[in-house]
Amino acid sequence: QVQLVESGGGLVQAGGSLRLSCAASGSIFSINAMRWYRQTPGKERELVASITSGGSTNYADSVQGRFTISRDNSKNTNYLQMNSLKPEDTAVYYCNADLAPSASIYSNFRFWGQGTLVTVSS
């Protein structure tokens, strides 16, 4: 069974840094794009950053220059390095990935993690 598990959330002061991790586990043949979203109460989930299997990245304007997404394909893991954090970055951060399970190598399914809370105090 494929799972995505996020870690690294917590409480940090404004201006500080956190690094989130998203590890995919289970019988996985390949992982394509991986992404981070965030959501606050009453708002829609917002795409924060994405990275392709080849390493191409994209960022929301609100985090450009402060956040960096990367991945370690040997570990089926991606990371979101968040620097210069602001109170408005407070949210639950979710990882998702488009991947092909070993049982269906020509498929492309999207899996979500359970989310990790990031709180930035002013």
Side-chain angles (χ1 to χ4, degrees):
Q1 183 176 356
V2 174
Q3 291 187 79
L4 296 183
V5 178
E6 300 104 333
S7 60
L11 174 64
V12 64
Q13 288 190 332
S17 299
L18 282 175
R19 189 176 83 152
L20 305 183
S21 299
C22 173
S25 63
S27 297
I28 298 169
F29 177 72
S30 64
I31 301 177
N32 301 310
M34 302 186 83
R35 307 171 189 87
W36 286 95
Y37 286 75
R38 65 187 181 187
Q39 189 170 26
T40 55
K43 293 189 176 181
E44 291 190 359
R45 200 167 287 191
E46 171 193 23
L47 177 60
V48 174
S50 64
I51 185 166
T52 67
S53 57
S56 296
T57 59
N58 275 292
Y59 299 93
D61 289 344
S62 58
V63 306
Q64 182 76 46
R66 300 187 297 122
F67 290 10
T68 302
I69 189 170
S70 61
R71 62 193 286 170
D72 184 339
N73 291 331
S74 69
K75 297 180 179 179
N76 287 342
T77 299
N78 86 84
Y79 308 95
L80 186 68
Q81 178 67 42
M82 305 186 295
N83 298 328
S84 302
L85 283 161
K86 305 174 181 180
E88 51 264 43
D89 294 318
T90 296
V92 177
Y93 284 72
Y94 297 91
C95 169
N96 84 19
D98 296 337
L99 61 87
S102 298
S104 184
I105 65 173
Y106 299 110
S107 300
N108 192 36
F109 297 107
R110 182 162 297 176
F111 289 83
W112 288 87
Q114 81 288 351
T116 186
L117 177 63
V118 171
T119 303
V120 184
S121 62
S122 58

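Model, not experiment: these values are computed from the prediction.
- Counting heavy atoms from C-beta on, the side chains of Glu46 and Ser62 come closer than 4.5 Å.
- No donor-acceptor pair closer than 3.5 Å links the side chain of Ser74 to the backbone N or O of Asp72.
- To the nearest 0.5 angstrom, Leu80 atom CG is 9.5 Å from Cys95 atom SG.
- Cation-pi contact between Arg45 and Tyr94: present, with separation from the ring centre below 6.0 Å and deviation from the ring axis of at most 45°.
- Residues Ala91 and Thr40 come closest through the heavy atom pair CB-CG2, 3.6 Å.
- Rounding to the nearest 0.5 Å places CG of Asp89 at 10.5 Å from CG of Asn83.
- Under a 3.5 Å cut-off, the side chain of Thr116 and the backbone N or O of Gly9 do form a donor-acceptor pair.
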Audit row: Gln3, Gln114, side-chain contact (heavy atoms from CB on, under 4.5 Å) steps and yes/no: CA-CA 9 Å; Gln3 291 187 79; Gln114 81 288 351; over 6 Å; no
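- Under the 6.0 Å cut-off for aromatic ring centres, Tyr37 and Trp112 qualify, their centroids lying closer than that.
- Linking ILVMFWY side-chain heavy atoms closer than 4.5 Å, directly or via other members, places Phe111 and Ile51 in a single hydrophobic cluster.
- Under a hydrophobic-cluster definition in which Ile, Leu, Val, Met, Phe, Trp and Tyr are linked whenever side-chain heavy atoms come within less than 4.5 Å, directly or via other members, Leu117 and Val5 are assigned to different clusters.
- Taking each heavy atom of Ala33 and Arg35 in turn, the nearest pair found is CB-NH2, 3.6 Å.
- Considering all non-hydrogen atoms of both residues, Ser17 and Gln81 come closest at CB-NE2, 3.9 Å.
- Across every non-hydrogen atom of Val118 and Met82, the tightest pair is CG2-CE, 3.8 Å.
- Counting only distance, with no hydrogens or angles, the side chain of Ser107 and the backbone of Phe109 share no donor-acceptor pair below 3.5 Å.
- In this structure, the side chain of Glu6 engages the main chain of Gly115 through a donor-acceptor pair within 3.5 Å.
- Taking each heavy atom of Arg71 and Ile31 in turn, the nearest pair found is NH2-O, 3.3 Å.
- Without hydrogens or angle criteria, Thr90 side chain to Pro87 main chain gives a donor-acceptor distance under 3.5 Å.
- In this structure, CZ in Arg19 is found 7.0 Å from OG in Ser70, a value given to the nearest 0.5 Å.
- To the nearest 0.5 Å, the span separating OH on Tyr79 from OG on Ser7 amounts to 9.0 Å.
- The minimum heavy-atom distance between Ala49 and Tyr59, with the atom names listed, is CB-CD2, 3.7 Å.
- From Thr57, atom OG1 reaches atom CD of Gln64 across 8.0 Å, with rounding to the nearest 0.5 Å.
- Remark: Ser53 OG to Asn32 CG distance equals 5.5 Å, nearest 0.5 Å.
- A donor-acceptor contact under 3.5 angstrom links the side chains of Trp36 and Asn78, judged on distance only.
- Tracing side-chain contacts under 4.5 Å through hydrophobic residues (I, L, V, M, F, W, Y), one reaches Met34 starting from Ile28; they form part of the same cluster.
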